[in-house]
Amino acid sequence: MRRLYGRDFVAVILAAGKGTRMMSDLPKVMQELLRKPMLWYLLDTFRKMDFHKRLVVTGHGHELLEKKFPYDKDDFIIQTEQLGTGHALQEAWPAIRDSGAQWLIVANGDTPLVSDQNLDKLISQMISAGADLGLLSLRLDHQSGYGRVVRDKAGRVRAVVEEKDYNPQLHGPSSAEVNSGIYIFRVSALAEVIFDLDANNEQKELYITQLISLANDRNMHVLGVSAGNCPELMGINTPAELVMQEEYLRSKIVDRMISQGVIIRNKDQVRIGPEVRIEAGADITGPCEIYGASFVGSGTRINSHCYIEDSSILDSEILSFSHIHKSDIKEQTSIGPFARLRPGTVMEKGSKAGNFVEIKNSSIGRYSKVNHLSYIGDTEMSQKVNIGAGTITCNYDGRNKHRTIIEQQVFIGSNTSLVAPVRIGERSMVGAGSTITRDVPEESLAIARTRQENLIQKNPLKKS
Ligand code: UD1
Ligand code: CA
């Protein structure tokens, strides 16, 4: 059961940094894991936990983020100069204060995979201890790049010291415990210390982590909650860390689905996005990618080398090397091998799209078949239609797109061009090789090709 937090909780995501170590012009939180930007994950987790407000401090490339997250952008706060994580929090302070919330959760935007279980743990320990400031820590074999958690003999957290500022003479031998960059504050306590930050450190920045020492100086209660050796809490600063976290998430999603009854063969090569829903009884073979808001129903079999995005598939067979985007596939259909379904395709029950078939913005009626080498665009095809090999809908005249209507039980001979707009009436036939430019009435035979003539040759080629 997920716990819901409501109006006593406000969250801030720190996401203004450029992410220099990523070596990319893209703002770091726009980098994707399984085709979702990093920032999407924290926003999604915080939304599901029902934090009353989800503020995001943006800076580098904020316009891009506003475009990508139109529903969240009203709660974006722009930090024009990136003077450090503490400064980012100061920029958000007026909005935090005005939210009226009692508790504040802060997370680095580059730690997208923190689970609600770990957040629940931090929040519940914080509340039951009646503490003022809490941080989630983790243990790492290689702590490079992280702030070290410094505890006193009684085990209380005294400070977080950045790697560059760490001095064993001052801070003691460093332990493997590091700061995850996820914090909780009692808002009234934060009010007392937030503007006391200074930049007296190696990087000349305002560190959010200095708040821990400042809180201790004022005898506030600081709590360190250790999540142990927990890969989900690792930050993403470099391309290597990005693909490592993506791989962690990928295998977690795949394993969860297998435990829920989805058969996933060659599972290390199957990539499934965080929003995809797959029912028990579906059977998938890797390599394969399924992203976006896709749904795969029970009984569906997806063979290797398929790419599926924002599509729904019910109890069907997808043969190898098929590419399916924004399409709706009903029961008992067969797609591929080597089929491409582009946005707006609807495959009704029992229909078929065979090898080297491209379909776009079209509905293929019940039990209709487009078996080989065809392009069907902007077409409304009724039931039990048979489309011969090599049939092309000529839907574009260079300026506008036009529709083709194919009524029920029509038979289109091979290598036909249907020049839209055009309608083929029910139970009609079109002769192979025709170029159809006018409507065909129902129950007729249309042939539009030059008649074959066999001429007698006066001087036939000599047999060699
Ligand atoms: C930070 C912590 C470190 C912790 C680590 C965990 C500080 C000083 N250090 O280090 O203790 O172990 O995270 O991953 O906080 N940001 C802004 N505005 C700024 C600077 C940064 O919004 O002016 C954002 C960044 O976009 C990023 C996050 O804050 O999402 C953390 O910044 P980053 O530079 O990655 O901090 P680390 O060096 O990783
Ligand atoms: Ca970081």
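We count ligands from 1, going down the list as the structure has it; atoms in each ligand are counted the same way. Position 1 is the first residue of the sequence; numbering continues from there.
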Q) Do any heavy atoms of R21 fall under 4.0 Å from ligand 1? A) yes
Q. Where does the angle between the aromatic ring planes of F338 and F356 fall among parallel (under 30°), tilted (30 to 60°) and perpendicular (over 60°)?
A. parallel
Q: Look at the rings of W103 and F9 and say which category their plane angle falls in: under 30° parallel, 30 to 60° tilted, over 60° perpendicular.
A: parallel
Q: Using a 4.0 Å heavy-atom cut-off, say whether K18 meets ligand 1 through its side chain, its backbone, both or neither.
A: neither
Q | Non-hydrogen atoms of Q90 and L206 that approach each other most closely | A | OE1-CD1, 3.5 Å
Q. Does F321 have its ring centroid less than 6.0 Å away from the ring centroid of Y307?
A. no
Q.
Please check whether E81 reaches ligand 1 - meaning an N/O of the residue sits under 3.5 Å from an N/O of the ligand, judged on distance alone.
A. no
Q | Inter-residue atom distance Y166.OH - E163.CD, 0.5 Å rounding | A | 11.5 Å
Q: State the atoms of ligand 1, each with its element, that fall below the 4.0 Å cut-off from a heavy-atom position in G147.
A: 3 (C), 4 (C), 11 (O), 12 (O)
Q | Part of A15 with heavy atoms under 4.0 Å of ligand 1, whether side chain, backbone, both or neither | A | backbone
Q: Run down the list H60, Q79, Q203 and name the one with the heavy atom closest to atom 18 (N) of ligand 1.
A: Q79
Q: Pick out which of M38, E247, E32 makes a side-chain contact (heavy atoms from CB on, under 4.5 Å) with L242.
A: M38
Q: Please say whether D110 places an N or O atom under 3.5 Å from an N or O atom belonging to ligand 1.
A: yes
Q.
Assess the residue pair E177 and S137 against the criterion (side chain to side chain donor-acceptor pair (under 3.5 Å)); give the C-alpha distance rounded to whole Å, side-chain angles, the decisive distance to 0.1 Å, and a yes or no.
A. CA-CA 6 Å; E177 187 182 14; S137 71; 2.5 Å; yes
Q. When you look for heavy atoms under 4.0 Å from ligand 1, do you find them on the side chain of K28, its backbone, both, or neither?
A. side chain
Q.
If you apply the rule side chain to side chain contact (heavy atoms under 4.5 Å, CB included), what do you find for L319 with I335, and how did you get there?
A. CA-CA 6 Å; L319 297 164; I335 310 294; over 6 Å; no
Q) N237 near ligand 1, heavy-atom distance under 4.0 Å? A) yes
Q.
Does either side chain, that of D315 or that of Q332, offer a donor lying less than 3.5 Å from an acceptor on the other one?
A. no
Q: Using a strict cut-off of 4.0 Å, indicate which atoms of ligand 1 neighbour a heavy atom of S180.
A: 6 (C), 14 (O)
Q) Looking only at protein heavy atoms, which one is nearest to atom 11 (O) of ligand 1, and how far off is it? A) E162 OE2, 2.7 Å
Q: Would you tell me which option among G109, G84, S137 has the nearest heavy-atom contact to atom 19 (C) of ligand 1?
A: G84
Q.
Using heavy atoms and a 4.0 Å limit, tell me yes or no: is H87 in contact with ligand 1?
A. no
Q.
Looking only at distances, can you tell me whether any N or O atom of T111, backbone or side chain, sits closer than 3.5 Å to an N or O atom of ligand 1?
A. no
Q. How far is atom 22 (O) of ligand 1 from its nearest protein heavy atom, and which residue and atom name does that atom have?
A. A16 N, 2.9 Å
Q: Looking only at distances, please establish whether an N/O atom of ligand 1 is found under 3.5 Å from an N/O atom of I208.
A: no
Q.
Return the OG to NZ distance between S24 and K18, rounded to the nearest 0.5 Å.
A. 8.5 Å
(Q) Run the salt bridge (charged side-chain N to carboxylate O under 4.0 Å, His left out) test on R186 and D132 for me, step by step, so that the C-alpha distance in whole Å, both residues' side-chain angles and the decisive distance to 0.1 Å come before the verdict. (A) CA-CA 5 Å; R186 184 192 294 280; D132 298 302; 3.1 Å; yes
Q.
Minimum distance, heavy atoms only, to atom 30 (O) of ligand 1: which one of N108, V12, L14 is it?
A. L14
Q: Answer with yes or no whether the side chains of E317 and N303 bring together a donor and an acceptor at under 3.5 Å.
A: yes
Q: Restricting to N/O/S, name the atom of D110 that gets closest to the Ca ion (ligand 2).
A: OD2
Q) Under 3.5 Å, is there a donor-acceptor pair between the D165 and Y207 side chains? A) yes
(Q) Side chains of N361 and K401: any donor to acceptor distance under 3.5 Å? (A) no
Q.
Could you tell me if D8 and H52 have a donor-acceptor pair between their side chains, going purely by distance under 3.5 Å?
A. no
(Q) Using a 4.0 Å cutoff against the non-hydrogen atoms of T209, which atoms of ligand 1 qualify? (A) 8 (C), 11 (O)
**Q.** Which segment of M234 sits under 4.0 Å of ligand 1 when only heavy atoms are counted
**A.** neither
Q: Considering only protein heavy atoms, determine whether one is less than 4.0 Å from atom 36 (O) of ligand 1.
A: no
Q: Calculate, to the nearest 0.5 Å, the distance between atoms OG and CZ belonging to S312 and R277 respectively.
A: 8.5 Å
Q) Among protein heavy atoms, which lies nearest atom 32 (O) of ligand 1, and at what distance? A) T85 CG2, 3.8 Å
Q.
Could you work out, for atom 5 (C) of ligand 1, the closest of N179, V161, L135 by heavy-atom distance?
A. N179
Q | Residue and atom name of the nearest protein heavy atom (relative to atom 25 (C) of ligand 1), distance in Å to one decimal | A | G17 N, 3.8 Å
Q) So, is N237 placed with an N/O/S atom under 3.0 Å from the Ca ion (ligand 2), counting both backbone and side chain? A) yes
(Q) Within ligand 1, which atoms have a heavy atom of A88 less than 4.0 Å away? (A) 17 (C), 18 (N), 22 (O)
Q.
If I apply the N/O under 3.5 Å rule, does V160 come out as touching ligand 1?
A. no
